[in-house]
Amino acid sequence: MEKQPFVFGIRHLSPAGAYYVREFLEQADPELVLIEGPADFTDLMEDLRAEEVKPPVAVMAYTKELPIRTVLYPFAEYSPEYQALLWAGEHGRRCRFCDLPSDVFLGMRAVGEGKEESGESFDVYRALDSQCPDKDHETFWERTMEQAGDAAGYERGAKEFGRSLRQLEQRSAGDYAENLVREAFMRRQIEDAVKEGTAPERIAVITGAYHVEGILTGGSAMTDKERKALPSLASMKTLMPYSYYRLSEHSGYGAGNRAPAYYEYLWQGLLRKEPDYGARRYLTGLASFQRNHGGMVSSAEVLEAARLSGALAALHDGRIPALRDLRDAAVTCMGHGAFSELALAAADTEIGTKIGSLPQGVSQTSIQRDFYEKLRELKLEKYKSVTASELSLDLRENLRVKTKKAAFLDLERSFFLHRLRVLGILFASIQSVRQDNATWAEQWSLRWTPEAEIQIVEAVLKGDTVEQAAAFALKSKLEESQGISRIAGIVEEAFYCGMPAMVSAALDRLQAMAVDGASITEIADTAGSLSVVILYGDIRRLDRTPLIPILSQLFLRACLILPGECACDDEAAKSLAAAVSRLQTVSVAHDFLDRQRFLEVLGRIAARDDLNTRLSGLAASILLEQGIMDSEELGREVERRLSKGIPAELGAGWFAGLSSRNHYALIARLTLWEKLSGYLDTLDEEEFKRALLFLRRAFADFSSMEKDQIAENLGEIWQVNPEQVSEVLGGTLTEDAMEMLEGLEDFDFGDI
């Protein structure tokens, strides 16, 4: 009989597999260890074995061209593959990965994306669940393999588990065919090793339990012709830190386990030769979390949970509780029957927040190296945590320090974090701050995830450094942008990123575009973006001079076309009102703009009857808050707009525009409320109902305190107690009132 290599079947991320693979290798004493994993990852083994590497970590391959596709191969400390390569290093044995190269995996994935699936998909693991005693293959694996007791028992259980998976997966043609190709390649790797002079019995193969049967009895090895026929995409590879969350099934990693932190307890128990260590550590971990977060868990409840979990395990002929037993017991004894009481504790104890680490310079891309260098330079390393941290930045020069670098540390941090944001790297997100601090303060929330590392690696196609990649991303957006507001948005983005060359390029593009065809809303958005850059340019050390003539030109154009655009329907008036308010903000912020001309334009809009009444009311509101319109003129305008001859919806629309800004300026004018009260008195029943509908919308944005102040005004006008008015206005409508308003379209009774 022809001799064969030793093949040990494992499950990825299996503590018992990691423990017993070492026993297996000690007994087999191979010259060569072949490990399931992309063959081109072999040259990273020395980096993986480095003492400074702290799992979980992952090897990632990514395509050299867009669209970027990736292949991830993660390792925890208790990964059997990781322990196998450590064993080989400790014993001076040759070691290689033996699965298809990553460029082939990427090529096969690209081909698969181009094919439409037909028929219903078959879920192998769901089918496996239905065959397991607990109706859960994870629990079955833990009871059978993680609690095997010795290497032989683990190996037998893994083979049976793999055989069952294999039989089920034959119903999923695509996956099954891919695995046959992989196994043919692995057989070729064994064949090549034998040709190199290694006897088959001196070779040990560490592979997923699924592949054991295919490697030993699957047929002939892959030929050179078959290898060349496989699809492939040019790729690069790197090592990256990983996390327990990413390993868990919650993040969608198919070969993960549901509880990586709990499985680490099982690994520690095997190393300590204490079979029940994982159960003890799990229950005490839950209790500790609850106590640290205000939950009441007594020692007696922990002991009762331990006894109950043991009894539940015995019902399944188990010596040690599985995770399901432990969780059920914990919910019963510590959570008072409700999992919701222990949900956060379970997430912390089962999944955990552990993130791996790599020594500087280990198998990193240029942009990764730049990212980590910037973290150190900007003193942001402590924020690289799975727990969200808040970072407050003061962008002003710090005059209390000695060096220029230290004086502008927070500003450089801001530039860096904005560049990450532009690249879509989800490490930092900016938070809103108080308006009075907006010129110099920024608030960020920083939280590290392995996804952020993947995004950094993917950005290498845009540049070797974070700054270069951000410049490439902005340049690409600029080339694709057509409207002036989009280009102004890029000016603003480049400004926040501290990239003056990119600001200049975007301004050149903006100046080259004709603004004659731009709408007032687009002009207002553009003016708003440029205004921000001009206002805060000195803080970010930007020359604002080139922006001033562009903003002046846009503002003049807005003054010329604004009256004509105000002849619109109510739907268009909503966006136009926001544009008018934004132009008002811009006009107040800059002395070099012709503000007087803008106010004159608003005066014409406020006086005209042929424009949208909401916009006329808004114009009047701005004139009122700027002191251009006095109370007497306001009173005349109210009488004109809110009169018997004007349709109720037009009058109420005008009042809605008037009340959309500076509520307190309106509340303080008793004349206004006298005119409004008198207007309502002149309406018949149908007109009153229509006016009430529109006025209700006008007051929707008023706060409770503001409504109380309006009630005081009305109480004075009506000569009644203001508290009674407030109670009536804020109370629930009676059935008669509800009936009166029945049939009014879009009326939201719940808000009254």
Judged by atom type as modelled, is there a donor-acceptor pair below 3.5 Å linking the side chain of [X] to the main-chain atoms of [Y]?
X      : Y      : answer
Glu301 : Ser298 : yes
Asp103 : Ser232 : no
Ser79  : Glu81  : no
Glu155 : Gly9   : no
Arg49  : Leu86  : no
Arg96  : Leu32  : no
Gln147 : Ile320 : yes
Asp150 : Gly153 : yes
Thr332 : Asp328 : yes

I'd like to check [X] versus [Y] (side-chain heavy atoms, cut-off strictly below 4.5 Å). Are they in contact?
X      : Y      : value
Tyr242 : Leu72  : yes
Met108 : Pro231 : yes
Pro30  : Leu25  : yes
Tyr82  : Val57  : no
Leu342 : Arg327 : no
Phe161 : Thr144 : no

Carboxylate-amine/guanidinium contact [X] [Y], below 4.0 Å:
X      : Y      : result
Arg307 : Glu304 : yes
Asp29  : Arg93  : yes
Arg22  : Glu90  : yes
Glu138 : Arg11  : yes
Arg182 : Glu36  : yes

### Query
Parallel, tilted or perpendicular: which fits the ring planes of Phe8 and Tyr154, with parallel below 30° and perpendicular above 60°?
parallel
### Query
Taking the inter-plane angle between the rings of Tyr78 and Tyr263 on a 0 to 90° scale, is it parallel (under 30°), tilted (30 to 60°) or perpendicular (over 60°)?
tilted
Distance (rounded to the nearest 0.5 Å) between [X] [atom1] and [Y] [atom2]:
X      : Y      : atom1 : atom2 : result
Phe97  : Met45  : CZ    : CE    : 4.0 Å
Met60  : Glu453 : CE    : CD    : 7.5 Å
Ile203 : Thr198 : CD1   : OG1   : 5.5 Å
Leu380 : Phe427 : CG    : CZ    : 6.5 Å

Pairs of donor and acceptor atoms involving the side chains of residues 186-194, under 3.5 Å and at least two apart or interchain, shall be tabulated with distances.
residue : atom : partner : partner atom : Å
Arg187  : NE   : Gly219  : O            : 3.0
Arg187  : NE   : Ser220  : O            : 3.1
Arg187  : NH1  : Gly214  : O            : 2.8
Arg187  : NH2  : Ser220  : O            : 2.9
Arg188  : NE   : Asp192  : OD1          : 3.0
Arg188  : NE   : Asp192  : OD2          : 3.3
Arg188  : NH1  : Met222  : O            : 2.9
Arg188  : NH1  : Asp224  : OD1          : 3.0
Arg188  : NH2  : Asp224  : OD1          : 2.6

### Task
Only pairs at least two apart or in different chains count here, so list each ring-ring contact (aromatic ring centres under 6.0 Å, His included) that has a residue in residues 275-326.
Tyr262-Tyr282, Phe289-His293
### Message
Does Lys159 have more than 12 heavy atoms from other residues, nucleotides or ligands lying within 6.0 Å of its NZ?
### Response
no
